[in-house]
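Residue numbers start from 1 in every chain, and the chains themselves are labelled A, B, ... in the order their sequence lines are given, proteins ahead of strands.
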Amino acid sequence: MAKQKTLTLSINQPLDLGLTLNSGQAFRWHKKDEWFYGTISNMLVGIKQEDKYISILVDEYLPPEHQDTVKNSVKTYLRLDDDLESIYKWISTDDIIKQAIATYRGLRILRQEPWECLVSFICSANSNITRNSSVLKSIAREYGDPLSLGDHIDYTFPRPDRLASLGEDPLRKLGLGFRAKYVASASLMVTAGDLDLSSLMEMPYDEAKENLIRLPGVGEKVADCVLLFSLDKMEACPIDRWVRRAFENWYSIEENLKYNALRTWAFERWGTYAGYAQQYLFQQIRLNSKTYSTV
DNA sequence: ACCATACCTCTCTC
DNA sequence: AGAGAGAGGTATG
């Protein structure tokens, strides 16, 4: 078993690592003995939150000159460049959201790798977090490249051309159901260059979204997830059943409004940080209803 | 342009 | 225990 060493990354930002990695943004993190294991920039790392810093577990033989690269990758992934206190002030428009912020302080939006993020949310359609998590782990286990860290094994997420070469059936066997054909076909389009994911980061929100929606299995909601969780579009505000319910129950928003009416409402209220507001409300209403059902 | 319905099948619940 | 409902939506008619 290969040895490991620990890097230290100091933080001066609110952070609740466990909450952030389990908030339904990313689906492949695995917790073991206080460490969260997963891949960042195609590298397997362990991450653990200490008091004022983050410990990062890496291979013992990681060259010293790469240590800063790893730290920066983690920093980028956790969006430690976001000034959360300012964002809190910005979105604290009412008592509802103030309470959500107080309860889930340190919940951050992630900056994920766009391709995996895209597939993750195509697969999330009419599914649930538990199931989606198992589907994405299966895709990586079957078709990604193995990585090891100590006695830990994980996998890179397969690139578009790899998934494109599979076709629909192998994906169905992994439990994707009707989403298999969307992933297969989106993979083909990305491989063919019909959509250049890396170019979306520089486009304005609307333009990037139009481009994403051209892919099969990508509608308004999935596009907004990809824009928010991987493409730096913090005004993207994915509205799923939960967030819709939160708007209706807590903000007296009329029922059955169309997606874009809700999104416009959210943007008028929270502006360029609507995505952050959405994440806190999502967390609040999802965990609230969980407690109700178990009582 | 809108609106209802089907879609795979896994998970959780009663 | 085993069936039944519901699941972070999208495509289609």
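Only the P atoms considered, C:dA3 is 23 Å distant from B:dC8, to the nearest whole Å. The P atoms of C:dG8 and B:dC3 are separated by 25 Å, rounded to the nearest whole Å.
Taking the six-membered ring wherever Trp is involved, the centroid distance between the rings of A:W250 and A:Y280 does not fall below 6.0 Å.
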Using a 4.0 Å heavy-atom cut-off, write out nucleotides 7-13 of chain C from 5' to 3' as B (base contacted by protein), S (sugar-phosphate only) or - (no contact).
BBBSS--
List the atom pairs, donor and acceptor, that lie under 3.5 Å between side-chain atoms in residues 119-131 of chain A and the rest of the protein, sequence neighbours left out.
| unit_1 | atom_1 | unit_2 | atom_2 | d |
| --- | --- | --- | --- | --- |
| A:S120 | OG | A:E116 | O | 2.6 |
| A:S124 | OG | A:F121 | O | 2.8 |
| A:N126 | OD1 | A:R241 | NH2 | 3.0 |
| A:N128 | OD1 | A:T130 | N | 3.4 |
| A:N128 | OD1 | A:R131 | N | 2.8 |
| A:R131 | NH2 | A:G175 | O | 3.1 |

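With a cut-off of 3.5 Å on both pairing distances, the Watson-Crick and G-U wobble pairs of DNA chain C assemble into stems of 3 or more at B:3-7 with C:9-13, B:9-14 with C:2-7.
To the nearest angstrom, C1' of B:dA1 lies 14 Å from CG of A:N260.
Contact annotation: A:K181 side-chain N/O to B:dC8 OP1/OP2 distance is under 4.0 Å.
Clustering of Ile, Leu, Val, Met, Phe, Trp and Tyr side chains at separations under 4.5 Å leaves A:F267 isolated, with no partner residue.
No side-chain donor-acceptor contact under 3.5 Å links A:Y205 and A:D232. There is no side-chain donor-acceptor pair under 3.5 Å between A:Q283 and A:S23. Inspection of the A:Q13 and A:D82 side chains reveals no N or O donor paired with an N or O acceptor under 3.5 Å.
Below 30°, between 30° and 60°, or above 60°: for A:H152 and A:H30 the angle between ring planes is between 30° and 60°, a tilted geometry. Relative ring orientation between A:W35 and A:Y37 is described as tilted, the plane-to-plane angle lying within the 30° to 60° band.
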Contact list (N/O, under 3.5 angstrom) for nucleotides 2-6 of chain B vs protein:
| unit_1 | atom_1 | unit_2 | atom_2 | d |
| --- | --- | --- | --- | --- |
| B:dC2 | OP1 | A:K258 | NZ | 3.4 |

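Listed by first and then second residue, the salt bridge (Lys or Arg N to Asp or Glu O under 4.0 Å) pairs that reach into residues 185-201 of chain A come to none, sequence neighbours excluded.
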Should A:Y276 and A:W90 be marked as a ring pair (Phe, Tyr, Trp, His ring centres under 6.0 Å) after you check the CA-CA gap, both sets of side-chain angles, and the distance that decides it?
CA-CA 10 Å; A:Y276 257 105; A:W90 181 273; over 10 Å; no
